[in-house]
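First up is the structure itself, then whatever we jot down about it.
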Amino acid sequence: MKKLLIVVDMQKDFIDGALGTEEAMKIVEPVAVKIRQAKEQGTDIVFTKDTHYKDYLMTQEGRKLPVPHCVKGTAGWELDAGLRDLAKDCRILEKPSFGSLELAALVKDGSYEEIELIGLCTDICVISNAMILKAALPEAVVRVDPGCCAGVTPESHRNALEAMKACQIEVL
């Protein structure tokens, strides 16, 4: 059975930078453990990186969330220091918005039967990508590990998990 672990946007700006939260800081070690386990099991791993540019405030997202973050080439755009070594031999996809159609194309071509998502933020990028992946591979098991995710707020994290459950995305 072909499996894929997707590590969503575990970048400095979402952990302890411009948009960081205490909840995000708490999941770094569990995420690292999950990645190590996946590597031991031979699971394919893809990291996504939220990627913006200097003109971020001129974009639709920037006008609605006027907090520059994950600007390519800055420290905030980098993966968390504790995860960088784990990502070295993995594919890394840069995505300009919440969800990634490139990720969906990769998954469709990979014939994955199980896809698990972890990372940040549950209520924005994790749910967006989970929904896209479920649409791309409706018969694949798509799941999210809530212990390796954090939302903008604990309430929005819980709401996103419930929305994903309603769309037949498994929540561990």
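Quick note: residue numbers are just sequence positions, from 1.
- The main-chain N or O of Pro96 is never found under 3.5 Å from a side-chain atom of Thr51 such that the two would form a donor-acceptor pair.
- Of the candidates Val141, Leu103, Leu137, Leu137 is the only one forming a side-chain contact (heavy atoms from CB on, under 4.5 Å) with Ile115.
- Annotation: salt bridge (charged side-chain N to carboxylate O under 4.0 Å, His left out) contacts of Asp13 (sequence neighbours excluded): none.
- Contact detail for Phe98 and Ile124: the closest heavy-atom pair is CD2-CG2, 3.2 Å.
- Annotation: side chain of Glu116 is not in contact with side chain of Cys148 (no heavy-atom distance under 4.5 Å).
- Both Leu19 and Ile118 sit in one connected hydrophobic cluster of ILVMFWY residues. Membership requires side-chain heavy atoms under 4.5 Å apart, directly or through other members.
- Judged by distance alone, with hydrogens and angles left aside, the side-chain atoms of Lys34 form no donor-acceptor pair with the main-chain N or O of Gln37 at under 3.5 Å.
- Atom NE2 of His52 is separated from atom NZ of Lys72 by 13.0 Å, given to the nearest 0.5 angstrom.
- In terms of the salt bridge (charged side-chain N to carboxylate O under 4.0 Å, His left out) criterion, residue partners of Lys49 (sequence neighbours excluded) are, by chain and number, Glu78.
- For the pair Gly147 and Pro30, the tightest heavy-atom approach, listed with the atom from each and the gap, is O-CB, 4.0 Å.
- Contact check for Thr59 versus Tyr53: no side-chain heavy atoms found under the 4.5 Å cut-off.
- The stretch residues 14-46 participates, sequence neighbours left out, in these ring pair (Phe, Tyr, Trp, His ring centres under 6.0 Å) pairs: Phe14-His69.
- Residues Leu4 and Leu133 share a single hydrophobic cluster, defined by chaining ILVMFWY side chains whose heavy atoms lie under 4.5 Å apart.
- Annotation for Pro68 and Ala18: closest pair O-CB, 3.6 Å, computed over non-hydrogen atoms.
- Within the 4.5 Å cutoff, the side chain of Ile127 has no heavy atoms near those of the Val144 side chain.
- You'll find the side chain of His157 reaches within 4.5 Å of the side chain of Leu161, heavy atoms only.
- Using a 4.5 Å cut-off between side-chain heavy atoms of Ile, Leu, Val, Met, Phe, Trp and Tyr, with links allowed through other members, Val31 and Val8 fall into different hydrophobic clusters.
- Nearest heavy atoms, Cys70 versus Gly76: SG-O, 4.0 Å.
- Taking NZ of Lys12 as the start and CG of Leu83 as the end, the distance is 12.5 Å to the nearest 0.5 Å.
- Asp50 approaches Ser97 most closely through the heavy-atom pair OD1-O, 4.2 Å.
- A donor-acceptor pair under 3.5 Å is absent between the side-chain atoms of Asp123 and the main chain of Asn159, judged by distance alone.
- Taking CE of Met58 as the reference point, atom CZ of Arg63 lies at 9.0 Å (rounded to 0.5 Å).
- If you take CE on Met10 and CD1 on Ile35, they are separated by 7.5 Å, rounding to the nearest 0.5 Å.
- From Gln11, atom CD reaches atom CG of Leu120 across 9.0 Å, with rounding to the nearest 0.5 Å.
- A continuous path of ILVMFWY side-chain contacts below 4.5 Å connects Ile6 to Leu93, so both sit in one hydrophobic cluster.
- When hydrophobic clusters are built by joining Ile, Leu, Val, Met, Phe, Trp and Tyr residues whose side-chain heavy atoms come closer than 4.5 Å, directly or via intermediates, Val33 is not grouped with Ile15.
- Looking at residues two or more places apart in sequence or on another chain, you find no salt bridge (charged side-chain N to carboxylate O under 4.0 Å, His left out) involving Lys54.
- Pairing each heavy atom of Gly99 with each of Asn129, the nearest pair is CA-OD1, 3.4 Å.
- Using a 4.5 Å heavy-atom threshold, the side chains of Asp9 and Cys121 count as separate.
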Carefully, step by step, assess Lys26 and Glu23 under the rule salt bridge (Lys or Arg N to Asp or Glu O under 4.0 Å).
CA-CA 5 Å; Lys26 288 179 183 175; Glu23 291 82 13; 5.9 Å; no

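- In this structure, the side-chain hydrogen bond (donor to acceptor under 3.5 Å, both in side chains) partners of Glu114, at least two apart in sequence or on a different chain, are Arg143.
- Taking NZ of Lys95 as the reference point, atom OG of Ser128 lies at 7.5 Å (rounded to 0.5 Å).
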In residues 39-46, what donor-acceptor pairs under 3.5 Å come from side-chain atoms, sequence neighbours left out?
from: Lys39; atom 1: NZ; to: Leu86; atom 2: O; distance (Å): 2.7
from: Lys39; atom 1: NZ; to: Asp89; atom 2: OD1; distance (Å): 2.5
from: Asp44; atom 1: OD2; to: Tyr112; atom 2: OH; distance (Å): 2.6

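- Between Arg158 and Glu155 there is no salt bridge, since no side-chain N of the basic residue sits under 4.0 Å from a carboxylate O of the acidic one.
- Between Val142 and Leu117, some side-chain heavy-atom pair lies under the 4.5 Å cut-off.
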